[in-house]
> 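Once you've had a glance at the structure underneath, I'll fire off some questions.
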Amino acid sequence: MTQTTDALRRRATSPDGATGVADAHRASRPTDATIDASGRAALDRPVVPLRHPLRWIAAALVLVVLLNFVETLFTNEQWGWPAVGKWLFSPAILTGLQLTLVATALSAVISFAGGIVVAIARLSRNPVLSGLAWGYVWLFRSVPLILVLVFLYNLGSLYPTIGIGIPFGPQVEVPTANVLGDLAIGVIGLSLSEVAYASEIVRAGVLAVDHGQHEAAQALGLPRRRQFVRVILPQALRSIVPAFVNQVVGLLKASSLLFYVSLLDLFGVVQNLSSTYPTDIIPLLVVATIWYLALTSAVSIVQYYVERWTARGSVRALPPTPVQRLRTALRRTAGTGLWRTAGTGLRRTAGTGADR
């Protein structure tokens, strides 16, 4: 035994001692059979996930509260679900809904176009344009929307006629009442207020574009207008769309203020019907809630596909649509079931010794 130990020491201290140390380490390594056995034991050992008792308790409490609320929807007769079904598609409600859609759509288009113009003016090096744009944003972000609508509704008292021409000289004038109807006043009021917010959204999106893109567009010799339309704005849309669509949702809800300027939109029709049918106040409010939820959901769906379209130049593969996600989940579930069935059959065959 002593001779063997001395031989190993001499080999480790010999000129090729590195080889001796390597042989010693190799001799101390476990065999492949030992690694396979330990690996199989680790695979057979069940994986116990980390437990979160407080999280489950909070989820249970929230679920209990939600179920109690759902129960009241069906057990409380004051909700008046038969009356909700009666008013949901009534001609008066649909007429107010149509006015809400028209006012919101026109205001959204005008506010987006106006927001681009005001944002460009704020980013301009011209101090007059930049100052005027800043003043516009400051004014209409400071004044409440209801005040703007009421002020425009009474504009005829301040300016009985509207004219254009030479200052302090001859002008072409027309009566204010002939130019601005109720719908025009509502759309102008909504647009004036929303342009201020849309301009800040567009300006933030333009500033989010990397400065190298501006330099690359200038290096190509493109005119400034073409630089903005073809290079900067398409890239800024990725940042603009989510914030602007959120603003459109707010605009949809803000259109309910048109009732105060004698426009019978969805909320205005509900208010009038509530005063005529006082026993159906709650069902009419539920009808308005259902329609606003439906409109907001439709806007959210449009937002998803617009964001997917604007992401074409920034990602290698477009995010899957909800239908594609559902198909993938179904295929994965079916594939997992087949794999489990095949794996069970293989284990049974190996256990019975049929393949030996």
Side-chain angles (χ1 to χ4, degrees), residues 84 87-115 118 136-137 139-160 162 175-199 201 244-278 280-300 302-303:
V84 170
W87 290 112
L88 189 61
F89 295 101
S90 65
I93 294 292
L94 295 180
T95 302
L97 178 65
Q98 180 181 1
L99 181 60
T100 298
L101 290 174
V102 171
T104 302
L106 290 176
S107 302
V109 173
I110 294 173
S111 63
F112 184 69
V118 175
Y136 178 89
V137 173
L139 176 64
F140 283 98
R141 285 203 306 181
S142 304
V143 179
L145 176 59
I146 183 63
L147 184 59
V148 175
L149 291 172
V150 174
F151 192 89
L152 287 176
Y153 188 73
N154 294 280
L155 188 62
S157 302
L158 184 61
Y159 295 103
I162 298 177
T176 304
N178 296 340
V179 176
L180 300 178
D182 291 340
L183 180 59
I185 290 174
V187 171
I188 291 174
L190 291 174
S191 301
L192 286 175
S193 182
E194 292 300 318
V195 163
Y197 296 98
S199 66
I201 293 173
F244 183 74
V245 173
N246 185 58
Q247 195 67 25
V248 171
V249 172
L251 177 63
L252 178 63
K253 295 182 291 185
S255 64
S256 59
L257 296 176
L258 297 177
F259 170 70
Y260 296 99
V261 291
S262 302
L263 275 175
L264 293 180
D265 64 323
L266 178 60
F267 179 74
V269 170
V270 168
Q271 286 287 89
N272 279 358
L273 292 177
S274 298
S275 60
T276 307
Y277 302 93
D280 289 347
I281 293 178
I282 299 299
L284 286 169
L285 293 177
V286 172
V287 168
T289 302
I290 291 174
W291 278 117
Y292 279 119
L293 287 174
L295 294 177
T296 304
S297 302
V299 172
S300 300
V302 174
Q303 174 188 359

> So, the side chain of S199 versus the backbone of A196: is there a donor-acceptor pair under 3.5 Å, distance only?
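Side chain of S199 to backbone of A196, a donor-acceptor pair under 3.5 Å: yes, one is there.
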
> Does any part of the side chain of T296, heavy atoms only, come nearer than 4.5 Å to the side chain of L252, both counted from C-beta?
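In short, these two side chains touch, coming nearer than 4.5 Å.
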
> Side chains of V195 and Y136, heavy atoms from C-beta outward: is any pair under 4.5 Å?
yes

> Give me the atom names and distance for the closest heavy-atom approach of S111 to S191.
CB-O, 4.4 Å

> I would like to know whether L97 and F89 meet side chain to side chain contact (heavy atoms under 4.5 Å, CB included); could you show each step before the answer?
CA-CA 10 Å; L97 178 65; F89 295 101; over 6 Å; no

> Nearest 0.5 Å please: distance from the CG atom of L266 over to the CG atom of L258.
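It comes to 11.5 Å.
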
> So do the side chains of L264 and T95 get within less than 4.5 Å of each other, counting heavy atoms only?
no

> Verify side chain to side chain contact (heavy atoms under 4.5 Å, CB included) between D182 and Y153, making sure each step is shown before the conclusion.
CA-CA 8 Å; D182 291 340; Y153 188 73; 3.8 Å; yes

> List the atom of G189, the atom of L149, and the distance in Å for their closest heavy-atom pair.
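Distance-wise, the nearest heavy atoms are CA-CD2, 3.8 Å.
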
> Can you measure from CD (Q247) to CZ (F112) and round to the nearest 0.5 angstrom?
12.5 Å

> Indicate the atoms forming the closest heavy-atom contact of A288 with V270, along with that distance.
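Here A288 and V270 meet closest at CB-CG2, 3.9 Å.
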
> As a quick check of understanding, evaluate side chain to side chain contact (heavy atoms under 4.5 Å, CB included) for V269 and L99, giving each step before the final call.
CA-CA 10 Å; V269 170; L99 181 60; over 6 Å; no

> Could you grab the distance from atom CG of L106 to atom OG of S255, nearest 0.5 Å is fine?
12.0 Å

> Answer yes or no: is there a side-chain heavy-atom contact under 4.5 Å between I110 and L190?
no

> Once you round to the nearest 0.5 Å, how far does CG of L273 lie from CH2 of W87?
5.0 Å

> Mind checking the OG-CG spacing from S256 to L263? Nearest 0.5 Å is all I need.
12.0 Å

> Let's go through L295 and V249 carefully: what are the C-alpha distance in whole Å and the side-chain angles of both, what is the deciding distance for side chain to side chain contact (heavy atoms under 4.5 Å, CB included) to 0.1 Å, and is it a yes or a no?
CA-CA 9 Å; L295 294 177; V249 172; over 6 Å; no

> Quick one, F151 and L158 - any side-chain contact, counting heavy atoms below 4.5 Å?
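Sidechains of L158 and F151: in contact.
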
> CD of E194 to CZ of F244: how many Å apart, nearest 0.5 Å?
8.0 Å

> If you take all heavy atoms of L88 and I290, which pair is closest and at what distance?
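Smallest heavy-atom distance, with atoms named: CD1-CG2, 4.1 Å.
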
